[in-house]
Amino acid sequence: MNHLRIPGAVVAVAAALAMIGCGKKEEPKPVAPAAAPAPAAPEVITVKIGSVAPLTGGIAHLGKDNENGVRLAIDEANAEGMKIGGKAVKFEVMSEDDQADPKVGNTVAQKLVDAKVAGVVGHLNSGTTIPASAIYNQAGIPMISGSATNPALTEQGFKTVFRVVGRDDQQGPAVANYLLTQKKPKVAAVIDDATAYGEGLANEVEKTLKAAGVQVLPREKGTDKTVDWKAVLTKIKAKKPDVVFYGGMDATGGPLLKQARELKIGSVFSFGDGACTDKMAELAGEAAEGLICSQAGIPVQAAGKRFLEGYKAKFNIDPILYSPFTYDAAKMLVAAMQKADSADPAKYLPALAALDYNGASGNVQFDAKGDRKDAEMTVFTLKGGKITPLAIIKGGKSLTLDEYAALMPPAPAPAAAPAAAPAPGK
Amino acid sequence: METLLQQIINGLTTGSVYAVVALGYTMVYGVIQLINFAHGEVVMIGAMVAFGVITGLAGSGLPASMIVAAGVLAAVPACMAIGYSLERVAYRPLRHAPRLAPLITAIGMSIILQHVALLIWGRNPLAFPQIIANPTVSIGLAEISAVQIAIILLSFLMMGGLSWFVYRTRFGIAMRATAENVQVAGLMGINADRVIAATFVIGAALGAVAGVMFGTYYGIAHYTMGFTLGLKAFSAAVLGGIGNLPGAMVGGLLLGLVEALGTGYIGDLTNLCQWPVVDAWLGERCADGAHFILFGSNYQDVFAFVMLILVLVFRPSGLLGERVSERA
């Protein structure tokens with residue numbers, strides 16, 4: 001059998017090479033900046049705002065949604081005709097595609113820095129945002145992400161890095177608290193997919209459940225490719241848990257849910273944002289009904305009315321997921337510049353950090369790390385094949401959509417609006 | 001122990017899928033001593049083709065069983081064609097080359113098939129439409145679903161059919177003769193090229209059915225699904241004694257059982273806090289009902305390979321792999 005050992009290694013190496021080959025897209029772009037600012041009338045100054053998100057690939061629709069949020073905000077700012085230092089200002093969006101790839105993300109980040117943008121809204125994924133944040137920080141350019149939820153982003157101690165969504169370590173406790181108050185479990189099972197995301201989230205849920213005196217069964221694990229959960233579920237079934245939480249993505253969570261119902265496990269199932277998508281209904285069929293899952297942030301339909309109407313009017317589609325957040329992020333950059341009366345990053349950065357802003361996603365203030373204070377989390381349930389918001393959790397309190405709308409600082413939001421399908425928040 | 005019966009049912013179901021896939025490896029090895037590493041990908045293509053047909057017909061109002069049957073009927077010829085072309089393009093020209101050469105082309109074909117599937121069906125997991133009502137039957141403390149019963153029955157039927165074909169028909173005799181000695185079989189008037197091509201085609205047909213079973217059981221298909229499945233089925237074939245038909249069946253079933261039981265019990269067995277001595281030593285890690293589990297259920301995929309190593313150490317020719325004379 002000796003000769004068989006070689007092929008194994010060859011398979012691995014060949015597969016790795018194949019993957020590298022696929023991931024790399026050679027796109028030699030000209031180094032010259034896209035458009036030199038036109039030397040218009042001397043009293044008009046142009047301020048560039050960068051927007052970065054994946055505009056090609058599997059989550060291109062979410063990336064485009066992020067970009068749209070920024071464009072809407074900047075158009076509104078231009079229409080208002082702002083003045084900085086007595087001169088009229090024209091804002092310009094510089095939109096870049098990071099392909100959800102950290103390598104490309106760093107390249108476009110450098111490109112934006114070289115083009116001397118005044119601020120950046122992005123990126124979409126935590127995986128691209130964290131490495132790129134170092135580049136912006138070194139250049140002293142403020143960066144606000146509207147969708148990166150990994151705690152590590154703001155734990156780097158960078159003064160120029162902010163986010164307007166919640167963190168994963170706020171999401172776990174939020175969904176666990178919802179389960180505690182609504183389902184009153186005595187015994188809970190926690191499963192994860194042994195990835196940094198899944199295990200991290202599962203740990204937070206377990207911690208919260210344990211603190212409330214719930215008996216948590218020994219952790220069960222799969223991998224991010226596991227489709228056969230029967231053995232694990234059979235074991236869990238014997239312990240009769242009231243709730244089962246799974247930290248993982250929808251591709252593994254779907255089969256898990258389906259197999260659980262085949263084994264006639266009657267527990268309440270609950271997943272994190274990686275498996276909080278409409279795809280669950282497709283992957284698990286009827287078994288997905290009643291699933292409880294969470295996402296960082298508010299559901300788009302709960303966003304401010306002005307934003308929802310403006311978005312629909314400008315792009316003729318409904319917002320999808322994170323655009324209220326990128327909209328607020330861009331608006332905050334503009335507001336900080338106005339307050340500091342300067343578009344120079346060094347001058348308006350203190351104003352940005354101290355800003356108290358009411359936007360499409362509610363009131364935004366940053367804490368010392370650059371995280372949003374009192375960030376909301378939303379708990380959804382799967383009903384009729386669609387994920388439907390159940391409650392918005394803010395400051396440890398669970399609010400219904402209507403209660404949340406009543407709290408919104410500006411004009412009340414519409415009670416029920418577009419059936420936009422939220423998708424995985426990464 | 002109340003979960004034992006359920007774990008055995010789980011194991012038998014996955015085990016019979018492994019066994020059917022393992023037959024494809026073992027038949028080809030038996031006849032031309034080649035590990036057809038692209039076999040797992042053939043299984044994946046089978047699942048994908050069936051997915052296309054089943055999704056297309058899902059809204060047509062035909063009875064669910066007919067739709068699934070149509071999926072199988074489409075997948076089988078598609079995979080047979082791929083099996084034949086694999087042999088024709090990648091293996092036949094290299095039949096007299098050093099043994100390493102066809103092994104490398106096998107890996108190459110596997111990568112090519114994977115990426116063709118990626119181009120056609122995309123990189124997202126595909127959800128099989130849930131069209132079959134899947135009632136479950138309770139046996140004591142265990143639940144067995146209609147799909148599980150169908151998978152186990154169909155697998156045994158195919159294994160029986162293949163055994164009959166190989167041991168009771170003229171073509172089967174020709175296959176066994178070719179396996180024993182290609183030159184001598186040729187002198188006896190057997191067309192070796194035809195026999196070898198047929199071996200690939202039959203293996204691929206079985207693989208196609210296995211792919212459909214896998215897809216309907218888990219409700220999901222993905223372009224990389226053939227890799228792990230193929231590797232496990234290959235282990236099952238080696239476990240039973242590669243080149244040996246009953247060996248592949250026994251190996252597959254055994255592997256499925258070990259995997260289910262191992263995954264089900266390893267966490268409990270390696271929970272260090274249950275042993276008083278270790279408990280005292282670990283101190284606060286075990287305090288307050290905490291658990292310290294050495295190996296969790298994510299080691300599921302490891303059992304197949306641990307068992308493979310053990311068998312190869314103690315019985316290098318596999319469980320049923322006697323003398324090498326009786327090859328299919």
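Here is how names work: the chains are called A, B, and so on, in the same order as the sequence lines, proteins then strands, and each is numbered from 1.
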* **Salt-bridge present (Asp192(A), Lys221(A); N to O < 4.0 Å)** => yes

* Asked: Relative to chain A, which segment of Gln300(B) carries a heavy atom at a distance below 4.5 Å: side chain, backbone, both, or neither?
  -> side chain

* Smallest separation among heavy atoms of Val214(A) and Pro185(A), with atom names -> CG2-O, 3.6 Å

* To do: Measure centre to centre between the rings of Phe269(A) and Tyr246(A), then say whether the value is under 6.0 Å.
  => no

* **Contact class of Thr234(A) relative to chain B, heavy atoms under 4.5 angstrom** => both

* Structure fact -> Ranked by heavy-atom pairs below 4.5 Å to chain B, first place among Ala284(A), Gly254(A), Ala287(A), Ala238(A) goes to Ala238(A)

* Asked: Non-hydrogen atoms of chain A under 4.5 Å away: do they reach the side chain of Thr14(B), the backbone, both or neither?
  -> side chain

* **Note: Lys232(B)-Asp301(B) ion pair, threshold 4.0 Å (strictly below)** => yes

* **Heavy-atom pairs under 4.5 Å with chain A, option from Leu231(B), Thr263(B), Asn10(B) with the top count** => Asn10(B)

* Picking from Thr226(A), Asp228(A), Val227(A), Thr223(A), which has the most non-hydrogen pairs under 4.5 angstrom with chain B? -> Asp228(A)

* Asked: In terms of side-chain geometry, is the basic nitrogen of Lys230(A) or Glu262(A) positioned less than 4.0 Å from the acidic oxygen of its partner?
  -> yes

* **Structural part of Ala251(A) lying under 4.5 Å from a heavy atom of chain B** => both

* Between Tyr218(B) and Phe214(B), does the ring centre distance come in under 6.0 Å? -> yes

* Of the listed residues (Glu220(A), Gln215(A), Lys237(A), Lys235(A)), which shares the most heavy-atom pairs with chain B below a 4.5 Å separation? -> Lys235(A)

* Structure fact -> Max heavy-atom pairs within cutoff under 4.5 Å with chain A, candidates Ser297(B), Ala127(B), Ala106(B), goes to Ser297(B)

